[in-house]
Asker: 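Before we start, here is the structure in question, set down as structure tokens.
Counting starts at 1 for both ligands and their atoms, following the listed order.
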Amino acid sequence: MKYRSTRGTNEETFKKVLFAGLAEDGGLYVPMNWPQIDVNKIDKNISYKDLTKLILYPFVKDFISIIELENIINISYSKQFSSENLVSFKELSDNEILVELFNGPTLAFKDFAMQLLIPLFDHFLEKEKKKINLIVATSGDTGSAAINAVKQSKNISIFCLYPSKRISDFQRRQMSTVTESNIFLCEIDGTFDDCQKIVKDILKDTQYSSENNISAVNSINWARILIQCVYYYYTYINYFDASRPTVNFSVPTGNFGDIYAGYVAYKMGLPINKLIVATNENDILHRFINTGIYQTESVKKTTSPSMDIQIASNFERLLFDIMSQSNEKTASAMNLFEEKGKLTVERQDLNIISNIFASESTHQEDVNKIISNVHEIHSYLIDPHTATGINASRKTNDSDRMNFTLSTAHPVKFSETVEMAVGKNLDLLSNYKDLFSKDEKIHSIQNNTDEVKKFILENKN
Ligand SMILES: *Cc1c(COP(=O)(O)O)cnc(C)c1O
């Protein structure tokens with residue numbers, strides 16, 4: 001499998017794509033074609049690990065042998081997940097199902113990709129006797145997942161940028177209490193979009209990033225997307241029902257990474273009827289799907305902070321696919337967007353998008369209502385991100401199909417909001433006393449690319 005940038009035509013290898021994150025021309029890497037993986041030919045009792053191997057292999061076979069891949073998957077996906085098959089399910093009704101993706105070590109879906117991605121990096125670094133420095137911008141959950149996965153590595157240091165005061169205490173402490181010497185947590189006085197911009201600026205400075213062996217693990221990294229496709233297939237197989245062959249997935253969305261993974265599964269042949277983009281008040285994607293106008297507004301701070309994002313980076317990959325995979329069209333649309341903060345797609349392109357995507361924006365009052373409603377009726381707690389997903393799924397009101405909502409984080413990560421919504425103290429944090437008694441290690445850095453570059457120079461591998 002070869003890859004190309006959404007803004008260029010060069011053919012690249014998986015290795016390049018894995019380590020570079022962002023392409024030199026500012027675009028994102030995408031595969032040259034979509035291999036077809038026929039879900040009907042997969043054994044219905046396949047394990048999550050075997051399914052991961054089956055889906056990943058066509059994309060990575062130039063990089064790693066099947067045996068090595070199998071080893072990495074078996075090791076990475078064994079010790080750290082609290083559920084045998086990684087994913088678990090909660091049935092709210094016979095056609096409303098929550099896909100629990102929070103059984104990993106940092107209690108959000110980001111663990112699926114990180115627990116595999118970092119060992120893939122290490123596999124190569126070990127062989128080549130190389131070391132790298134990862135940078136990552138986090139709206140809360142990516143950072144802790146990456147830090148957890150990196151802390152054992154002898155070959156990788158990580159610089160993790162998060163927006164000051166815009167993540168939950170639990171999320172911050174999951175990062176700041178990890179004190180291994182290869183972990184650098186950087187608090188930036190700005191928003192997530194500012195952090196993400198710093199990361200992109202550093203990657204675009206190819207001289208700086210190659211001299212300092214910089215790589216990125218944001219959801220702009222193709223390998224993360226690929227790894228996340230697996231749970232769409234797994235869910236479909238687990239609930240296979242020949243009488244209802246096409247299904248809906250509702251996905252709490254920020255950077256458009258997780259739902260784009262659903263789109264990739266769809267492109268590989270998974271029978272998806274609708275992918276439902278669930279946003280909070282930061283609704284750039286919801287507005288886009290309804291109007292064809294992709295336009296930033298200022299970021300609002302909400303109780304679902306992992307979705308407090310205006311620039312949904314992976315959106316560029318969808319745009320590229322819709323614009324007949326034209327790198328020229330994509331580059332000019334994205335340049336316009338970077339200049340003016342706005343881009344518009346043509347009617348026919350929007351039609352292709354609304355054929356597969358639906359969307360819904362859920363505001364705080366409704367997030368609280370959904371949390372409280374699900375708790376009352378099912379005695380089950382959901383986190384605020386998942387609540388936006390459930391609301392979007394219910395609004396779509398498609399009772400003829402299976403409706404899956406990705407449950408992206410464990411409610412304990414957002415215990416304040418959850419307890420407020422159900423109107424009582426649930427003592428959710430009592431199992432996590434440790435986290436709140438440990439010392440924190442944080443580096444405060446100005447919202448400025450040069451300052452971050454300087455800090456990396458002083459501390460890198
Ligand atoms: C990251 C995250 C999201 C958004 O995922 P994207 O891939 O950025 O769209 C939603 N919910 C939670 C809990 C997250 O951590």
Asker: Does this structure show an ion pair linking Lys49 with Glu84, if we count only N-O contacts that are shorter than 4.0 Å?
Answerer: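 Salt bridge absent between Lys49 and Glu84.
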
Asker: List for me each residue that meets side-chain hydrogen bond (donor to acceptor under 3.5 Å, both in side chains) alongside Ser5, sequence neighbours excluded, and say none if there are none.
Answerer: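 Only Asp25 meet the side-chain hydrogen bond (donor to acceptor under 3.5 Å, both in side chains) criterion with Ser5.
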
Asker: Is there any side-chain hydrogen bond (donor to acceptor under 3.5 Å, both in side chains) pair reaching into residues 188-198, and which pairs are they, with sequence neighbours excluded?
Answerer: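 Matches after skipping sequence neighbours: Thr191-Asp194, Asp194-Asn447, Gln196-Asn255, Gln196-Ser313, Lys197-Asp201.
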
Asker: Check Glu297 with Lys300, please: is the shortest side-chain N to carboxylate O separation under 4.0 Å?
Answerer: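 Here Lys300 pairs with Glu297 in a salt bridge, since their nearest N and O are under 4.0 Å apart.
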
Asker: Using only heavy-atom distances, determine whether the side chains of Asn403 and Asn248 contain a donor-acceptor pair under 3.5 Å.
Answerer: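 Per modelled atom types, Asn403 and Asn248 side chains form a pair under 3.5 Å.
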
Asker: I'd like a table of the close N/O pairs between ligand 1 and the protein (anything under 3.5 Å), one pair per line with both atom names and the distance.
Answerer:
residue: ligand 1; atom: 7 (O); partner: Gly257; partner atom: N; Å: 3.2
residue: ligand 1; atom: 7 (O); partner: Asp258; partner atom: N; Å: 2.9
residue: ligand 1; atom: 8 (O); partner: Asn255; partner atom: N; Å: 2.8
residue: ligand 1; atom: 9 (O); partner: Gly254; partner atom: N; Å: 2.8
residue: ligand 1; atom: 9 (O); partner: Asn255; partner atom: N; Å: 3.2
residue: ligand 1; atom: 9 (O); partner: Phe256; partner atom: N; Å: 3.2
residue: ligand 1; atom: 11 (N); partner: Thr408; partner atom: OG1; Å: 2.9
residue: ligand 1; atom: 15 (O); partner: Lys110; partner atom: NZ; Å: 2.6
residue: ligand 1; atom: 15 (O); partner: Asp141; partner atom: OD2; Å: 2.4

Asker: Please name all residues satisfying side-chain hydrogen bond (donor to acceptor under 3.5 Å, both in side chains) with Ser379, sequence neighbours left out, ordered by chain then number.
Answerer: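 If we apply the side-chain hydrogen bond (donor to acceptor under 3.5 Å, both in side chains) test to Ser379, skipping adjacent residues, there are no hits.
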
